[in-house]
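Notes for the one structure printed next.
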Amino acid sequence: ETLDKSLEKSKTSFFSKLSKAVAGKSKVDDDVLDNLEEILVSSDVGVETTLKIITRIENRVAADKYLGVDELNQILREEIAGLLSETNTGEATEFVVPIQTKPYVLMVVGVNGVGKTTTIGKLAYQFKKAGYKVVLGAADTFRAAAIDQLQIWADRVDVPIVRQNMGSDPASVAFDTLQSAVAQNADVVIIDTAGRLHNKINLMNELTKVKRVMQKVVADAPHDVLLVLDGSTGQNAFEQAKQFTAATEVTALAVTKLDGTAKGGVVIGISDQFKIPVKYIGVGEGIEDLQVFNKYEFVDSFFK
Ligand code: GDP
């Protein structure tokens, strides 16, 4: 599926709402701006980022005295691309595994149900397809289902998995996984962690411990911390981003379920507010349904 098709719903929704808001208008007035504000908020762009966009457009209206509605699309595109550009490159960047870093260790965090396991499976598939030797670590030990789900993906992709019993220490699983990866001369390790937001201190302690213990095996692990967020959950995704970035250093985001939502705007707001690049978007349940995020394609898909 193409990105355009995948994001069809977001596109139709945002673009058609916008078209309605400017119908019969020739210039951008307070009415149009009020409507635009509502559309952006209802598209899950987030209040803070929405106000930022509205203020910038107001300033342009004030400076130019007159801003035609025809120009509004173009200006919005520019503003949105501008918000994404601070954290995202235009090119499709992947997790490049540095040659000198072996194994490359990716720690994946996120609450249950957001699509964390699925994203790990899809990533393992991509890395494997690219020729890398991958090992998975089931360090989300709180629920037996989490371990079993990861096992299913490991079998599907045909990569080794390191697991212990439910309830065992996540740091211990992570340690074992890295040792096993080094012994197997693996290129990439993906560690599944912390599927619950108990409280901030616990989360921080758990993730810090996992990191510290991993560093006994690979000194600079993890090389990336990927936070998985469900793009269809709007404000919940913002809240989770807040909690996880407070608990650990998140270096990249994956936003899932953008195939089934009319609210892909969450990518814009989160990218703006947390200054963390969106690396991947999930656009379906299948093994191939993970795309490298490209901001230009993304913005285009909103406005075409
Ligand atoms: P976890 O609890 O965070 O590990 O979540 P799972 O990976 O088990 O995913 C929860 C549900 O969301 C499953 O039914 C997945 O198939 C589904 N899912 C995950 N990613 C996507 C996506 O990008 N699009 C869609 N439509 N469903 C997804």
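Both backbone and side-chain heavy atoms feed into the values below; hydrogens, waters and symmetry mates do not. No experiment lies behind these values; they were computed from the predicted model shown. Atoms within each ligand, like the ligands themselves, are counted from 1 in listed order.
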Legend entry - Contact check: T256 vs ligand 1, nitrogen or oxygen atoms, below 3.5 angstrom: no

Inset, instruction - Consider only side-chain N and O atoms of T49 and Q273, and report whether a donor and an acceptor are under 3.5 Å apart. - result: yes

Inset, instruction - Could you list which atoms of ligand 1 come closer than 4.0 Å to a heavy atom of G113? - result: 1 (P), 2 (O), 3 (O), 5 (O), 10 (C)

Legend entry - Nitrogen or oxygen atoms of D289 and ligand 1 under 3.5 Å apart: no

Legend entry - Close-contact set for ligand 1 against T117 heavy atoms, below 4.0 Å: 1 (P), 4 (O), 7 (O)

Legend entry - Any V111 heavy atom less than 4.0 Å to ligand 1: yes

Legend entry - Close approach of V114 to ligand 1, heavy atoms, under 4.0 angstrom: yes

Legend entry - Pair S271-K295, side-chain donor/acceptor within less than 3.5 Å: no

Legend entry - Within 6.0 angstrom of E38 CD, more than 12 heavy atoms from elsewhere: no

Inset, instruction - Take the angle between the ring planes of Y132 and F127 and call it parallel below 30°, perpendicular above 60°, tilted in between. - result: perpendicular

Legend entry - N or O contact, K116 vs ligand 1, cut-off under 3.5 Å: yes

Inset, instruction - Scan side-chain atoms only and decide if D155 and Q151 contain a donor-acceptor pair under the 3.5 Å cut-off. - result: yes

Legend entry - Nearest-option assignment for atom 20 (N) of ligand 1, heavy atoms, candidates Q149, K122, R143: K122

Legend entry - Pair K116 + D140: basic N to acidic O under 4.0 Å: yes

Legend entry - Region of V283 that comes within reach of ligand 1 [heavy atoms, distance under 4.0 Å]: backbone

Legend entry - Nearest option to atom 21 (C) of ligand 1, as decided by whichever heavy atom of G231, G110, G284 sits closest: G284

Inset, instruction - Start with the C-alpha distance between R163 and D176, add both sets of side-chain angles, then the distance that settles salt bridge (Lys or Arg N to Asp or Glu O under 4.0 Å), and finish with yes or no. - result: CA-CA 8 Å; R163 55 181 287 183; D176 281 1; over 6 Å; no

Inset, instruction - May I ask you to decide whether D187 forms a salt bridge with K133, counting only side-chain N to carboxylate O separations under 4.0 Å? - result: no

Legend entry - Sub-4.0 Å atoms of ligand 1 with respect to non-hydrogen atoms of G282: 23 (O)

Inset, instruction - Could you tell me whether N112 and ligand 1 have an N or O pair separated by under 3.5 Å? - result: no

